[in-house]
Amino acid sequence: MSEEKYIPKSKLAEWFDSRLPLLSLSHHLKSYPTPKNLNYWWTFGGILTFCLITQIVTGVILGMHYVAHTDHAFESIEHIMRDVNYGWLLRYVHANGASMFFLAVYIHIFRGLFYGSYKAPREIIWIIGVIIYLLMMATAFMGYVLPWGQMSFWGATVITNLFSAIPLVGESITTWLWGGYSVGNPTLTRFYALHYLLPFLIFGLIILHIWALHIPGNNNPIGIDVKKNSNETMPFHPYMVMKDITALLVFIIIFFWFVFFAPNALGHPDNYIEANPLVTPTHIVPEWYLLPFYAILRAIPSKLGGVIFMFAAIFVLVLLPWLDTSKVRSSIFRPIYRKFFWVLVATVILLGYLGAKPPEGIYLVLSRIATAYYFIHFLILLPVLGRYEKTDQLPMSISDPVLDKPGLIDKFKKAAGKYEGDNVKSFK
Amino acid sequence: MLNLLNRIILTIFISIIVTPSFADEQHSHGANTNYLNTDWSFKGIFGTFDRASLQRGYQVYQEVCAGCHSVQHLSYRNLSEEGGPEFSVEEAKAIASQFELEDGPNSDGEMFMRSARLSDKFVKPFPNVQAAAAANDGAYPPDMSVLAKARAGGADYIYSLLMGYEEPPSGFELDDGVYYNKYMAGNKIKMSAPLMDGIVEYADGTEATTAQMSKDVTTFLVWAAEPHLEAQHRMGFKAIIYLIILLTLVYMSKQKVWSRFNSKEESEEEAFDKAERMVTEYEGEDPKTFK
Amino acid sequence: MSKKLMPKRRDFLFTATYTIGAVGLVSAIWPLIDQMNPDSSVKALSTTEVDISAVEPGKTITVLWRGKPIFIRRRTKQEIDEAAAVDLKDLKDPEKDSDRAKNPEWLVMIGVCTHLGCVPLDNKGEYNAWFCPCHGSHYDTSGRIRKGPAPTNLEIPKYEFVNNNIIKIG
């Protein structure tokens, strides 16, 4: 499938397109060549776009009813839940939508890690992605403050206090963030303004993310370059569109299950208690999607150190394209990396679990081990593996018949294993 | 090397799954979290409220709890709305008119008292949190509008707490005005046992046992916290059925569309056959030998 | 040849998918629109009671109902006679005064000009009753439009006399 140039069908279309090439753009998006072997893990880009749009639409609507004032915020949420037509639906979609957004983004990120999508020539896509992820966390955090429940208030207090760890100017920065001497009304109103603004920045970055993607084209499960103008690719529309929608619907079913049947399962009960600056909840925990970083923060025994490590845990992702020195992208052909990938997944899940636990006893020990491993994975294992790992033979092209059926790859490898040594090279 | 790694991964995953079970025990600070088991009609995807129970629950709330606990986000009109206790509008009006609240200012600039209307929020027993705490020995009786959502365990917790008053075990020290409750965190609660058999008289003749009243008032509180629960369940069921139908259609369409592309290629079957022949050649007669 | 036959079945499948998808999309959009309609707390505030015992003849009081001014005027005998004497043929929006005031002494109207929503002034205009300063609509002592751009008479809300001193609006 080659990507043909857009040829206007009418004089009007030609007139318009020569002035503003929207029609060319739409033609490009439709005919954009995608590798035909993309699996369902590749549908999360589309799912994430859906998530962002859902959050923006429901968010703008909630903004029509929400009152950003410490005296009225909690009450206005109850007003939305009780009085506004379909208000409960819109709020539950927005609240659970945030969780689903992060679920999808984590799958998207780990897919990139597994298939080496961050490697040349896709470093910029990856880095923009990390920035989007950072902004998502900031947006989600500020959004969680808006209902002005106990977790909102104390979460805001704890997170903004992180900045007080900065030497010399820390105190002034927190005071500046709060607009007072504690989290209060000025803090709430600025968080509301920023919570409204950041999604649009994310939207802009997503356009850049997709733009950067469309230059080299998609990576694929095999991880070797596809020939763009060949039968190795298929046009985005209708093939990938249909596949994306299929996956999206499965995603929405799970999403709606939470919205209608377990809308508060992912939230914390304490956030239904109105904020009270005099009483701290027994355990302050962020939303589940921030827990791994919260665990890292608490694993480090020094205040400043914790903050540094927490931010470093995200920043290390920016450097990932250069830390991973392996030339082979897909971990299908990297037997050792593949194992470590799963260890990393397990570590992050473990960190998430530990983030919800009090930082004491065995939890603290485990958090430290997991934090250490997290950094070892990126800073030591990846550079070393890239140098010494013996990767499997790459196929010549993604249309290698062997690859059409996933199980066959393993069979081939097993078969090859028997002859390991002398004729593994000749097998192919 | 790889086998060792496999084992490590497996161990980590298993430990993640197993640790929560022992961890939670240790974490609960002496409160019993094995809540009493009750069949709630509102649980499950088709869950609806038991109207009679809601109406009785309102009565228990009004006669027992309302002296100290507000439900400030509930309005009298909610009592007659669909999906709630569904009192008739007249009944709800009559209920509202029993309460007085301050309104104003009038044209003379003065505040005045009037009886409540359907559009008013439930009248609070105390004007503010401080007054409520002061009247209750320093412990603020929490507003109960969203109580069922504000406590881990929800309905089960509230029900268990109401049923959980006991004599303290020997050696357990209690200050004056503090009571022992099996389900309260730390087992100390400042609210004395609010219910006892026969404390209210149900109009519908139901016997007002502590268990019955606890169940009714808990149902009422769950509704107060989630007044649209029934609509939510109804809509959710429809939405998910719809999505499953649409998913089926979309998936079939997708398969059709993709078959267009695939038919242009070398037949997939042929490719598989070829590949499988190659595998068989290497595997020999018994594929099991490769492990 | 089989390819020629295929399109029909495909078309049916695609049409069904599109149609069902469109139905879902439309139903998903409705809550997004309906949320802007008056919510249940606003709808519940639909009645207000007004004490009229202190209103002198020839005076108007203005109260707020659903965010709009309500004129309650205790009309003088002369005003009532004037209003009743008008020939319906002279009216742009013919309505009998007796249909507009349940009790001739009391005229209860929504104080919003039917032209573009300004609030008319009382004891003004050619009929010495109500006059809208925005675009010059003149209303008579029964609140009927007599001159100017307004298309209809001042609207009468739903109201009732609870007793001699109290009017319940809504």
Side-chain angles (χ1 to χ4, degrees), chain A residues 1 36 75 78-79 81-83 88-89 92 149 231 234 238-239 242-243 245-246 249-250 252-253 256-257 259-261 263-264 269-274 276 282 335-336 339-340 342-343 346-347 349-350 353 357-358 362-363 366 399 401-402 404-405 408 411-412 414-419 427, chain B residues 1-2 5-6 8-9 12-13 15-16 19-20 23 27 29 45 73-75 78 142-143 145-147 149-152 154 185 225-228 231-233 235-237 239-240 243-244 246-247 250-251 253-254 257-258 261 264-266 268 271-272 274-276 278-279 282-283 287 289-290:
Chain A
M1 288 290 128
K36 65 175 183 182
E75 190 189 346
E78 281 310 309
H79 167 66
M81 292 297 293
R82 290 158 195 275
D83 299 334
W88 59 269
L89 174 65
Y92 277 157
N231 63 0
M234 53 211 314
Y239 300 103
M242 290 303 284
K243 194 166 180 167
I245 293 177
T246 309
L249 286 170
V250 175
I252 296 178
I253 289 174
F256 277 14
W257 184 268
V259 168
F260 291 106
F261 301 118
N264 295 306
D270 278 9
N271 224 28
Y272 279 106
I273 303 171
E274 193 166 356
N276 181 353
T282 18
I336 302 176
K339 307 288 176 185
F340 282 116
W342 289 110
V343 178
T347 306
I349 295 173
L350 179 66
Y353 167 72
K357 292 290 154 196
I362 181 74
Y363 301 127
L366 283 174
S399 5
V402 192
D404 282 0
K405 207 174 175 184
L408 284 183
K411 281 191 187 168
F412 264 88
K414 278 179 193 157
K418 200 191 175 189
Y419 302 90
F427 176 78
Chain B
M1 173 70 181
L2 293 191
L5 263 172
N6 276 334
I8 293 171
I9 297 169
I12 293 175
F13 271 116
S15 61
I16 288 172
T19 34
H27 189 54
H29 298 298
I45 61 171
H73 299 298
L74 218 53
S75 303
N78 296 141
D143 179 77
S145 314
V146 283
L147 194 72
K149 291 199 282 190
R151 296 290 181 275
E226 201 78 279
H228 296 293
Q232 189 181 309
H233 285 171
M235 193 189 286
F237 180 71
I240 286 183
L243 284 167
I244 289 171
L246 183 63
L247 173 64
V250 167
Y251 181 72
S253 304
K254 180 237 155 200
V257 170
W258 276 62
F261 185 84
K264 285 181 202 153
E265 312 237 320
E266 180 193 11
E268 212 179 6
F272 283 155
K274 204 161 82 189
E276 236 146 5
M278 288 165 77
V279 172
Y282 279 96
E283 283 180 343
T289 53
F290 306 107

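Note on naming: letters A, B, ... go to the chains in the order of the sequence lines (proteins, then strands), and numbering restarts at 1 for each one.
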**Student:** On a heavy-atom basis, which atom in B:Val250 and which in A:Ile245 lie closest, and how many Å separate them?
**Tutor:**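 For B:Val250 versus A:Ile245, the nearest heavy atoms are CG1-CG2, 3.8 Å.
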
**Student:** Please round to the nearest 0.5 Å and tell me the distance separating atom CD1 of A:Ile252 and atom CG of B:Leu243.
**Tutor:** 6.0 Å

**Student:** Go through B:Asn78, B:Leu74, B:Leu147, B:Leu246 and name the one with the most non-hydrogen pairs under 4.5 angstrom from chain A.
**Tutor:**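 Between B:Asn78, B:Leu74, B:Leu147, B:Leu246, the count favours B:Leu246.
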
**Student:** Give me the atom names and distance for the closest heavy-atom approach of A:Tyr92 to B:Glu226.
**Tutor:**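 Result for this residue pair: OH-OE2, 2.7 Å.
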
**Student:** Side chain, backbone, both or neither: which part of B:Ala239 has an atom under 4.5 Å from a heavy atom of chain A?
**Tutor:** side chain

**Student:** Which atoms form the tightest heavy-atom contact between A:Met81 and B:His228, and what is the distance?
**Tutor:** O-CD2, 3.1 Å

**Student:** Quick check for you: to the nearest 0.5 Å, what is the distance between B:Phe237 atom CZ and A:Phe261 atom CZ?
**Tutor:**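 The CZ atom of A:Phe261 is 8.0 Å from CZ of B:Phe237, to the nearest 0.5 Å.
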
**Student:** To the nearest 0.5 Å, what is the distance between CZ on B:Arg151 and CG on A:Asp270?
**Tutor:**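 It comes to 7.5 Å.
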
**Student:** Any non-hydrogen side-chain atom of A:Arg82 less than 4.5 Å from a side-chain atom of B:Ser75?
**Tutor:**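 Not in contact.
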
**Student:** Name the option with the most non-hydrogen atom pairs under 4.5 Å to chain B; the candidates are A:Phe256, A:Trp257, A:Tyr272.
**Tutor:** A:Tyr272

**Student:** Does any heavy atom of chain B fall under 4.5 Å from the side chain of A:Leu89, the backbone, both, or neither of them?
**Tutor:**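 Side chain only.
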
